[in-house]
Amino acid sequence: MAGLAERLLNLDRRWLFLLVLLGVAIPIVFPIGLPVTTTASTRAAFDFIESVKPGDVVVLSFDYGPSSAPENDPMADGFLRQCFLRKVRVIVMALYPLGGLTLANNSLARVTPEYPNLRYGEDYVNLGYKDGAAAVLRSLDKGFAGPFPVDLRGTPIARIPIMHGIHSVRDVKVVYTVATGIIGEWWITQMHPQSGTPVVIGPTAVSAPKYYAYLNAGQVVGMVGGMKGAAEYEKLLAGKHPELAQFYSSTRGFTATKGMDGQTVIHIVIILFIFIGNLAYIRTRKKARA
């Protein structure tokens, strides 16, 4: 037994790396479908978007970069599917300087083919990226045309059908900021007090705790926190809309639900490593004292 303990302690760490890789990859490729319980903050975000009427206009802001894409991408994709399915029109923008626009383009490229009847400029529009997020947010209360005179394709904003009757952020029903870092907070502290437009935030898990203060104060109407929150949102979408239930059960693409399967398995693997390592250490220490 002591010899086994010594071998475990001297195990080549590359075997551990391999187990970690398999623990993450296998549940994503072959989903387990572990149960997901929904929290009140995610339910509030979902219900608010469900209350938006067909034909209304909302804003989706990509305020995150590639480093948090596994957490944030499913939030943005789920929101777009919910809006497009319910015929809610979406204004897309990006304020994060490190890849925000690329992620916005990627999300639209993933989701829009699922709804072949969508018309660019009428059902959704991509206004592109604008630098200086704090200044942009303060100016949106005066009008979209200031920071975004044209869309990503170079079309003047006044000529885009979805923008007819939408002068400023006051005219949209909600802003959903999918965020990492400070930009999501700026929507709450700089845009919302000026315009009163409701905010839903989708932060990374490490940032989520600080937003509960805003949630409890009523400054945000809902929060989708981290990959867990995104998996909850997918569950709510599947429960409400049969089309999305079929999509999430059959898609080969990455989803937050698959990500939570992988995250759960790797947490179990790490706990086992800790337990076995400590057990092996105790055995070798007893042998040294004998």
Side-chain angles (χ1 to χ4, degrees), residues 24 36-49 58-80 82 92-104 106-107 129-138 140 169 174-193 197-237 254-260 262-264 266-267 270:
V24 173
V36 176
T37 57
T38 56
T39 55
S41 58
T42 304
R43 167 68 73 175
F46 177 82
D47 288 344
F48 192 91
I49 304 304
V58 299
V59 169
L60 173 60
S61 185
F62 285 76
D63 303 324
Y64 66 97
S67 62
S68 64
E71 284 188 275
N72 292 129
D73 276 351
M75 301 176 189
D77 292 357
F79 176 81
L80 286 173
Q82 185 180 18
V92 172
M93 65 178 66
L95 301 181
Y96 194 80
L98 302 177
L101 179 56
T102 299
L103 294 169
N106 290 347
S107 185
Y129 167 75
K130 181 63 65 172
D131 193 20
V136 172
L137 293 179
R138 287 194 295 271
L140 286 179
V169 74
V174 65
V175 170
Y176 187 5
T177 167
V178 185
T180 181
I182 195 65
I183 298 178
E185 193 168 359
W186 285 344
W187 278 104
I188 302 168
T189 59
Q190 300 196 35
M191 184 283 298
H192 175 70
T197 302
V199 177
V200 171
I201 188 161
T204 55
V206 71
S207 300
K210 72 176 179 179
Y211 290 108
Y212 280 102
Y214 296 113
L215 187 66
N216 294 335
Q219 292 174 272
V220 295
V221 296
M223 178 176 68
V224 182
M227 189 178 294
K228 171 66 163 57
E232 295 173 21
Y233 210 89
E234 290 174 357
K235 177 182 178 180
L236 292 170
L237 286 170
F254 179 79
T255 65
T257 305
K258 293 179 181 180
M260 285 304 298
Q263 183 171 288
T264 301
I266 196 57
H267 284 171
I270 291 172

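Computation of the quantities below employed the complete heavy-atom set of this structure, encompassing side-chain atoms and omitting hydrogens, waters and symmetry-equivalent molecules.
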Tell me every residue that passes side-chain hydrogen bond (donor to acceptor under 3.5 Å, both in side chains) with Thr197, counting only those two or more places apart in sequence or in another chain.
Ser195
Sequence neighbours excluded, which residues qualify as side chain to side chain contact (heavy atoms under 4.5 Å, CB included) partners of Ala208?
Pro203, Met223
Beyond-backbone contact of Pro97 with Tyr129, side-chain heavy atoms, under 4.5 angstrom:
yes
If you define the side chain from C-beta out and look only at heavy atoms, does anything of Pro74 sit under 4.5 Å from Thr255?
no
Exactly one of Leu237, Leu236, Val58 should register a side-chain contact (heavy atoms from CB on, under 4.5 Å) with Gln82. Which one does?
Leu237
What pairs with Arg138 under side-chain hydrogen bond (donor to acceptor under 3.5 Å, both in side chains), at least two apart in sequence or on another chain?
Gln190
For Asp77, side-chain hydrogen bond (donor to acceptor under 3.5 Å, both in side chains) partners two or more places apart:
Ser107, Arg110
Distance from Met93 atom CE to Leu140 atom CG, nearest 0.5 Å?
5.5 Å
Give, for atom OG1 of Thr42 and atom CE of Met75, the distance between the pair rounded to the nearest 0.5 Å.
8.5 Å
Which heavy atom in Phe62 sits nearest to a heavy atom in Gly100, and how many Å separate them?
CB-O, 3.8 Å
Applying ring pair (Phe, Tyr, Trp, His ring centres under 6.0 Å), can you list everything that pairs with Tyr233, at least two apart in sequence or on another chain?
Phe46
Does Ala231 have any side chain to side chain contact (heavy atoms under 4.5 Å, CB included) partners at least two apart in sequence or in another chain, and if so, which?
Val36, Ala256, Thr257, Met260
Scanning both residues in full, the closest heavy-atom pair of Ala69 with Leu103 reads CB-CD2, 4.2 Å
Mind listing the closest non-hydrogen atom pair of Leu215 and Val221 along with its distance?
CD1-C, 4.2 Å
Can you list everything that forms a side-chain hydrogen bond (donor to acceptor under 3.5 Å, both in side chains) with Lys228? Sequence neighbours excluded, please.
Glu232
What are the two closest non-hydrogen atoms of Leu137 and Leu95, and how far apart are they?
CD2-CD1, 3.8 Å
With distance as the sole test, does Ser68 use its side chain to make a donor-acceptor pair with the main-chain N or O of Glu71 at under 3.5 Å?
no
With Val24 via side chain to side chain contact (heavy atoms under 4.5 Å, CB included) - residues at least two apart
Ile28, Ile266
Would you list the atom pairs, donor with acceptor, under 3.5 Å between side chains in residues 175-183 and any protein atom, with sequence neighbours excluded?
unit_1	atom_1	unit_2	atom_2	d
Thr177	OG1	Asp63	OD2	2.6

In short, side chain to side chain donor-acceptor pair (under 3.5 Å) pairs touching residues 214-224 with sequence neighbours left out are Glu185-Tyr214
To check you understand the geometry: which heavy-atom pair defines the closest contact between Ala104 and Val92, and what is its length?
CB-CG1, 4.1 Å
If we check side chain to side chain donor-acceptor pair (under 3.5 Å) with Tyr64, which of these qualifies: Asp73, Asn72, Thr204?
Asp73
Is there side-chain contact between Tyr211 and Val220, with at least one heavy-atom pair below 4.5 Å?
no
Looking at every heavy atom in both Ala45 and Val200, which two are closest together, and how far apart are they?
CB-CG1, 3.7 Å
